[in-house]
> 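Okay, here's the structure, questions in a sec.
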Amino acid sequence: MDKNLLGTNIVTQIGIIVKDIEKVSQTYADFFGVEKPKWNWTDGYEKSHAEFNGKPSDARAKLAFFDMGQLQIELIEPDENISTWREFLDKHGEGVHHIAFQVKDMDEKIKALEKNDMRLVQKGDYEGGRYAYIDTFSKLKVIIELLENF
C-alpha cells in the first residue's frame, strides 16, 4: 500500500449512524453539557448531485453536528432511499459509520485510494464543498470520508 494516501493524518469528523436523531442528539447534548444542535436535511439530488455506487441517488439524511474543538461529531439519520448511510444502518445498526479527513485534490485522492483497492461508494456536493465516501471497511474496519471545501 502506498504511504499517506490522503496527504493528512488529522481526523476532522466522526460520523455516527442513528435511527432517531432527535433522541440521540439530545443524549449527546446532555452528556457534553451543551445545547442540542438543530438538525438539517441534506440537499436533494438537484443540488447534491449525489451518486451511490456510480448511480444518481435521491437519498437524503438528517444531520446534526457537535463541534468539539478540532473534531466534529456528526449524527446521521438516513431516509429510506439506498445510500451508504441506509446500507450501514440496515447491515450493522446504529454506530460509527466513518471517520473524515479534510483533503485537497479530492479526485487525485480517490484515484490513489482506488489504486489500493479502496473504492468510491458515494459522493456528492454540499454548499461550499463536496464529499466522498470510500469503502475501506474490509481493511480499516471503518469507512473513510473525504471532505473538500472550496
Side-chain angles (χ1 to χ4, degrees), residues 3-52 57-113 118-150:
K3 295 190 185 226
N4 202 340
L5 295 171
L6 302 179
T8 183
N9 60 2
I10 298 172
V11 175
T12 58
Q13 183 186 83
I14 296 174
I16 302 169
I17 299 292
V18 301
K19 290 180 183 176
D20 182 343
I21 203 161
E22 283 289 335
K23 180 180 174 186
V24 177
S25 61
Q26 186 63 61
T27 302
Y28 268 87
D30 293 344
F31 181 80
F32 289 122
V34 299
E35 188 174 325
K36 181 178 90 170
K38 293 181 180 176
W39 58 265
N40 60 296
W41 279 105
T42 57
D43 290 327
Y45 181 79
E46 62 282 348
K47 281 189 173 182
S48 72
H49 311 107
E51 292 181 12
F52 178 68
S57 173
D58 291 323
R60 297 182 71 198
K62 295 176 184 176
L63 306 179
F65 298 94
F66 287 87
D67 291 318
M68 310 300 294
Q70 176 182 314
L71 185 70
Q72 185 179 66
I73 296 173
E74 177 186 31
L75 302 179
I76 307 162
E77 179 187 326
D79 70 4
E80 293 303 317
N81 292 305
I82 189 66
S83 65
T84 185
W85 311 305
R86 171 53 49 193
E87 184 177 75
F88 185 93
L89 184 60
D90 291 348
K91 284 185 180 178
H92 306 285
E94 296 177 294
V96 174
H97 173 260
H98 69 265
I99 58 175
F101 299 85
Q102 196 71 42
V103 299
K104 294 180 182 174
D105 302 319
M106 183 182 288
D107 294 333
E108 291 302 314
K109 302 296 188 254
I110 292 170
K111 286 178 191 173
L113 290 162
M118 299 175 196
R119 71 178 183 85
L120 173 68
V121 292
Q122 184 169 315
K123 67 178 182 174
D125 300 327
Y126 55 85
E127 190 170 323
R130 60 187 178 153
Y131 71 90
Y133 289 108
I134 309 297
D135 184 358
T136 56
F137 200 84
S138 66
K139 294 179 184 226
L140 302 177
K141 311 311 175 205
V142 70
I143 292 169
I144 295 294
E145 182 182 26
L146 307 179
L147 298 169
E148 185 175 43
N149 292 329
F150 306 126

> Partners of Phe101 by ring pair (Phe, Tyr, Trp, His ring centres under 6.0 Å), sequence neighbours excluded?
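With neighbours one apart ignored, the set is empty.
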> Can you tell whether the side chains of Glu148 and Lys109 come within less than 4.0 Å, N to carboxylate O?
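No.
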> Can you list everything that forms a ring pair (Phe, Tyr, Trp, His ring centres under 6.0 Å) with Tyr45? Sequence neighbours excluded, please.
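Residues passing ring pair (Phe, Tyr, Trp, His ring centres under 6.0 Å) with Tyr45: none at all.
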> Say whether, by atom type as modelled, one donor and one acceptor occur between the side chain of Thr136 and the main chain of Val142 under 3.5 angstrom.
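Side chain of Thr136 to backbone of Val142, a donor-acceptor pair under 3.5 Å: yes, one is there.
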> Give a yes or no on whether the backbone of Asp135 and the side-chain of Arg119 come within a donor-acceptor separation of less than 3.5 Å.
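Between the backbone of Asp135 and the side chain of Arg119 there is no qualifying donor-acceptor contact (under 3.5 Å).
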> More than 12 heavy atoms of other residues, nucleotides or ligands under 6.0 Å from NZ of Lys36: is that the case?
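Check passes, neighbour count above 12.
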> Would you give the length of the straight line joining atom CG of Leu75 to atom NE2 of His97, rounded to the nearest 0.5 angstrom?
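Between Leu75 CG and His97 NE2, I get 13.5 Å after rounding to 0.5 Å.
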> Okay, side chain of Gln72, backbone of Asp67: is any donor-acceptor separation there less than 3.5 Å?
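Not a single qualifying donor-acceptor pair exists.
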> Which one of Leu63, Val24, Ile17, Val18 satisfies the side-chain contact (heavy atoms from CB on, under 4.5 Å) criterion with Glu77?
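For Glu77, the side-chain contact (heavy atoms from CB on, under 4.5 Å) test succeeds with only one of Leu63, Val24, Ile17, Val18, which is Val18.
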> Could you please spell out the steps behind the salt bridge (Lys or Arg N to Asp or Glu O under 4.0 Å) verdict for Lys62 and Glu22?
CA-CA 10 Å; Lys62 295 176 184 176; Glu22 283 289 335; over 6 Å; no
> Determine, stepwise, if the pair Thr42 / Asp79 fulfils side chain to side chain contact (heavy atoms under 4.5 Å, CB included).
CA-CA 10 Å; Thr42 57; Asp79 70 4; over 6 Å; no
> Please check this pair: side chain of Gln102 against backbone of Thr12, looking for a donor-acceptor N/O pair closer than 3.5 Å.
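Checked: no pair found.
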> First locate atom CD1 of Ile99, then atom CD of Glu74, and finally report the distance between them rounded to the nearest 0.5 Å.
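Rounded to the nearest 0.5 Å, the CD1-CD separation comes to 13.5 Å.
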> If the condition is salt bridge (Lys or Arg N to Asp or Glu O under 4.0 Å), which residues does Lys123 pass it with, not counting sequence neighbours?
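For Lys123 there are no salt bridge (Lys or Arg N to Asp or Glu O under 4.0 Å) partners, ignoring immediate neighbours.
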> Aromatic contact between His98 and Phe137, with the criterion being ring centroids under 6.0 Å apart: yes or no?
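No: the rings miss the under 6.0 Å criterion.
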> Is it the case that the side chain of Gln122 and the backbone of Thr84 share a donor-acceptor pair, with hydrogens and angles ignored and the cut-off at 3.5 Å?
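Confirmed, Gln122 side chain pairs with Thr84 backbone.
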> Using side chain to side chain contact (heavy atoms under 4.5 Å, CB included) as the criterion, list what pairs up with Asp107, not counting sequence neighbours.
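In terms of side chain to side chain contact (heavy atoms under 4.5 Å, CB included), with neighbours along the sequence ignored, Asp107 is linked to Arg130.
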> Could you tell me which residues satisfy side chain to side chain contact (heavy atoms under 4.5 Å, CB included) with Arg86, sequence neighbours excluded, listed by chain and number?
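Once residues adjacent in sequence are excluded, the partners of Arg86 under the side chain to side chain contact (heavy atoms under 4.5 Å, CB included) criterion are Pro78, Glu80, Ser83, Leu89, Asp90.
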> Which donor-acceptor pairs under 3.5 Å do the side chains of residues 26-35 make with protein atoms, sequence neighbours left out?
residue, atom, partner, partner atom, Å
Gln26, NE2, Asp30, OD1, 2.8
Thr27, OG1, Lys23, O, 3.0

> Do side-chain atoms of Ser57 reach the backbone of Phe52 as a donor and acceptor pair under 3.5 angstrom?
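Checking the backbone N and O of Phe52 against the side chain of Ser57, no donor-acceptor pair under 3.5 Å is found.
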